[in-house]
Q: 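Here you go, one structure.
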Amino acid sequence: MNEFNSSLGDGVYVTDAYCVEGKEKELIAFMKSGGGVLIAGQAWSWAEGRPKDNPLLHFPGNKVAGVAGVYFSKHRGDAECIPVFPTIPASWMSVVTGMDYEDDLEFLLQGISEFDIKGVVASEILIHGPLAFPIGTMPDGSAFLAGAYYGKGRVMVMSHENLLKRETFAPFINNALHWLDEGRQGVVGVFPNLYQAKVFKEFDLKCEKTELRKDLSVYVCMVYKDEKVEEIQEFVAEGGGLLIAGQAWHWAQNHKGAHFMTDFAGNKILNKMGMTLWNTKITGTDPVPNQAKNDTYYFRHVLHKFTRHVTQGEELTAHEEEWLNKLGGDCTKYLNLDACNNNFNQIMSTFTEIIKKAGLPKVCEKCPVKSERDKFLLKIGEVLYKKHHNPEELLPFLIKDNPLLPVLYNQNISIDTDTGGGEEWVSTGLYLAPGMKTYLTVPANVIDKGLKVQIGCQMDSISEAKVLKRAPCVCERFPVTSEMLLVHNLWGGLIYFIVPPKTKVAFTAVAQMAVPAPYYKSGETSLSDWSLLSKAPSPWAELEFENVILTVPSEVIRNLERPDELAELWDKMLRAVADLAAIPPKFKRKERFVCEVQISHGWMHAGYPIMAHKASAQQMVSVKHATTKGLWGPLHELGHNRQRGCWEFPPHTTEATCNLWPLYVHETVLNLKGSRGKEQPKYVEKYITNGRNLSQWHVWTALETYLQLKDKFGWDAHKKVFAAYHNMSGFPKNRDGKMNLYAVTFSEIVGMDLSGFFKAWGWPIEGDTEKKLSNLPAWIDHPMAQYN
């Protein structure tokens, strides 16, 4: 049919892509009312005859099909017989399909040499659509300003609304409004809360304070309301311009249970337009240089180049090599948009092609991964396995040389816990090999109670490490939402039930299939049982004692014949930890240690669990080592877990007061004297010489203050002080107030005025504190008196 007739109603209009010029509005209205359009043609010859025109924007067929997000491109296709696929096929080649936006940047950046975002905490914009492009970026490629074509219209995103009100941004906003208006000289509607900004009163376009109207040429709004999501998308698709601003990080912080990528109002609007506001913060303390150059990071282009590198052997430029770390992070983000992203299958096809061609690099202590290429492969391989419709198809390319381990079937798991001290991991003594799946059956009364199943114990993400000795993220969690759960982890791991805080549960679960792990539990595992369990095939083992659980590589416990003796020692040490902290000898929640090949920072770091390097595992399971050499590192981290903000003065004491615990345990349990460093006097003398400046009162220098108190008043004084804090409330918020409270508390506990001692250490002791303690006898001969 050559002439369109609106009387078709909800019928179908068949046309070619060349003769729809002038009929766009009628055809779009026809489609909106339920009609269908079958349109055929190609744009490559049209584009060859019009080298200055952009076919995605100007080819007649795109002026109709583009409203539905379907575009004729200038790329030629081969003439061949194409098989009919049961699902829509996707190719990595389609990832590069897009437009050249250099002309747009030239227009938008007229007279702009820099972007001033000083004092603004913006959100990063993930730019993933084929018709979206970065405009303002940080040196690492993170975008805070982006544009896009959507349907017949255009979109501009600023990732903080304050940029719309900033006069230094006015020249760019003027350019942006003209770009969005496309020469129509129409009305710019400005959302009422934004209209008061001075900048909108100075433009040569007509700006009105209004809500969205169909007769507007451009609409300016923020990202925080979702009442008109579809109306805004339709407005742009039919040719309107949209300038939208706001950030997502604050919303994400205040909506912990929500999925900001899909639930946040701004992303409901922008996801379909090829852009997503991320919860990552972008800050600029200085004007940000214009990054709109040919070497600017752009997600789809870099992904396409890397795919060609893997599949066709093309070399990467230095810039592209540098971008692989960011690309890996962006790919991980992108795959969480699957439900709301029209281009998801394209990207998934690209990832699949990459992994099938390159595979995953082997990564372990003996085979560390250093190149950005291999680190990228590790990141996307892990996420692809989670998101792929058929992960079993990918497994041979992801995990190689996976040993077959003996398994147990229909194994009962008894869970009985009361989480008075926070979220708790409950060990099962079972392990899943890499890629291995199993079903867990749980009773109906624990469904949707906040319980989770966790596979893996290595909680630290090491994605930013320069060298990887394991994959960046190796733990998986599954919420207990049904009586039968399918659980698995690409990297394998021990199986745990995660019980939320303040929850009391007792139930029996059943694991359909799992690998037995060496697991010793005080009071339950006999030595005869342990002689067999210690040989269990899992590469991870656990030793659970009265107050602590040690998770270590199985190799370090294979010859451990007397776990009961080790348990006795750890029980004594943890009771001493509790004793100094003035808390009951049985912890509300057992401490956990995980010793692995690589952690996020430090040699060990505190938390739940306490993370430690693999080399520490052998020492932690050796009674001989503990009683002859001590366990400073583990006890130091246990000290960190006992620190309380009310009597801590960070950053001064962060690495100081935690050392009271290894000192106390070494002296009272391990009978190791002389733990106090020989350099302590030198630290004090240097501190005095430099003017008793609190900025230098930290670590060993600060520790000496507390040890001098211990020397004079004994460990009991420290215990009583900690005990007193348990019964106090309304603590000062600032450092000086907290230090004065500590001086008063310690003085009252020992019955002596210690204000002079603390002043000698440079503490900011106030007159009110001295007055409050004046009725107590003064400590005159304190160790610091010699420096007065």
Q: Please report the shortest heavy-atom distance between Asn547 and Pro585, naming the atom on each side.
A: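 In terms of heavy atoms, the two residues are closest at ND2-O, 2.8 Å.
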Q: Evaluate Asn659 against Trp661 for side-chain hydrogen bond (donor to acceptor under 3.5 Å, both in side chains), listing each step before the verdict.
A: CA-CA 5 Å; Asn659 289 322; Trp661 273 268; over 6 Å; no
Q: May I ask you to decide if the ring planes of Trp715 and Tyr664 are parallel, tilted or perpendicular, using 30° and 60° as cut-offs?
A: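 If you compare the ring of Trp715 with that of Tyr664, the planes turn out perpendicular.
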Q: If you draw a 6.0 Å radius around NE2 in His250, do more than 12 non-hydrogen atoms from other residues or ligands fall strictly inside?
A: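 At most 12 heavy atoms, drawn from other residues, nucleotides or ligands, come within 6.0 Å of this atom.
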Q: Could you check Arg470 against Glu596 for salt bridge (Lys or Arg N to Asp or Glu O under 4.0 Å), going step by step and ending with a plain yes or no?
A: CA-CA 10 Å; Arg470 63 161 171 86; Glu596 59 139 321; 2.7 Å; yes
Q: Is there a side-chain contact between Ile462 and Ile599 in this structure, where contact means two heavy atoms from C-beta onward sitting under 4.5 Å apart?
A: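 Counting from C-beta outward, Ile462 and Ile599 never come under 4.5 Å.
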Q: Under a 4.0 Å N-O cut-off, is there an ion pair linking Lys771 with Asp768?
A: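 Here Lys771 does not pair with Asp768 in a salt bridge, since their nearest N and O are not under 4.0 Å apart.
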Q: Indicate yes or no: does Glu161 engage Arg166 in a salt bridge with an N to O separation below 4.0 Å.
A: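 No, Glu161 and Arg166 are not salt-bridged.
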Q: Check Glu685 with Lys682, please: is the shortest side-chain N to carboxylate O separation under 4.0 Å?
A: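 No salt bridge links Lys682 with Glu685.
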Q: Within 45 degrees of the axis of the six-membered ring of Tyr725 and under 6.0 Å from its centre: does Arg642 put its NZ or CZ there?
A: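 Output no; distance or angle outside limits.
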Q: Determine the minimum heavy-atom distance between Trp697 and Ala702, stating which atoms define it.
A: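 Closest pair (atom of Trp697, atom of Ala702, distance): NE1-CA, 3.3 Å.
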Q: Between Lys521 and Phe545, is the side-chain contact (heavy atoms from CB on, under 4.5 Å) condition met? List the steps.
A: CA-CA 6 Å; Lys521 187 171 184 179; Phe545 306 143; over 6 Å; no
Q: Quick check: do Val750 and Leu709 have side-chain heavy atoms less than 4.5 Å from each other?
A: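 They are not in contact (no side-chain heavy atoms under 4.5 Å apart), so the answer is no.
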Q: Check the angle between the aromatic planes of Trp632 and Trp700 and answer parallel, tilted or perpendicular using the 30° and 60° thresholds.
A: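 Ring orientation of Trp632 relative to Trp700: tilted.
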Q: Ring of Tyr297, cation from Lys326 - is the NZ or CZ under 6.0 Å from the centre and inside 45° of the axis?
A: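 Flagged: Lys326 positioned over aromatic ring of Tyr297.
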Q: Within the 4.5 Å heavy-atom criterion, are Ser522 and Glu546 side-chain neighbours or not?
A: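 When only atoms from C-beta onward are counted, Glu546 and Ser522 do not touch, as no gap falls below 4.5 Å.
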Q: If you measure from the Lys or Arg side-chain nitrogens to the Asp or Glu carboxylate oxygens, is any gap between Arg592 and Glu637 under 4.0 Å?
A: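 Salt bridge flag = no for Glu637 with Arg592.
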Q: Just wondering, do Arg692 and Tyr687 contact through their side chains at under 4.5 Å, heavy atoms?
A: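 In short, these two side chains touch, coming nearer than 4.5 Å.
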Q: What do you reckon, is NZ of Lys719 surrounded by more than 12 foreign heavy atoms closer than 6.0 Å?
A: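 Atom NZ in Lys719 is packed in, count exceeds 12.
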Q: If you measure from the Lys or Arg side-chain nitrogens to the Asp or Glu carboxylate oxygens, is any gap between Glu667 and Lys710 under 4.0 Å?
A: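 A salt bridge links Glu667 with Lys710.
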Q: Could you check if a side-chain atom of Val426 sits within less than 4.5 angstrom of a side-chain atom of Tyr496, using non-hydrogen atoms only?
A: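 Result no, sub-4.5 Å side-chain heavy-atom pair not found.
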Q: Charged N to carboxylate O under 4.0 angstrom, Glu544 versus Lys590?
A: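 Salt bridge flag = yes for Lys590 with Glu544.
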Q: Just verifying a value: how many Å separate Leu660 CG and Thr653 OG1, rounded to the nearest 0.5 Å?
A: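 Output value for this atom pair is 10.0 Å.
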Q: Are any of the side-chain nitrogens in Glu748 or Lys772 under 4.0 Å away from the carboxylate oxygens of its partner?
A: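 No, this pair does not count.
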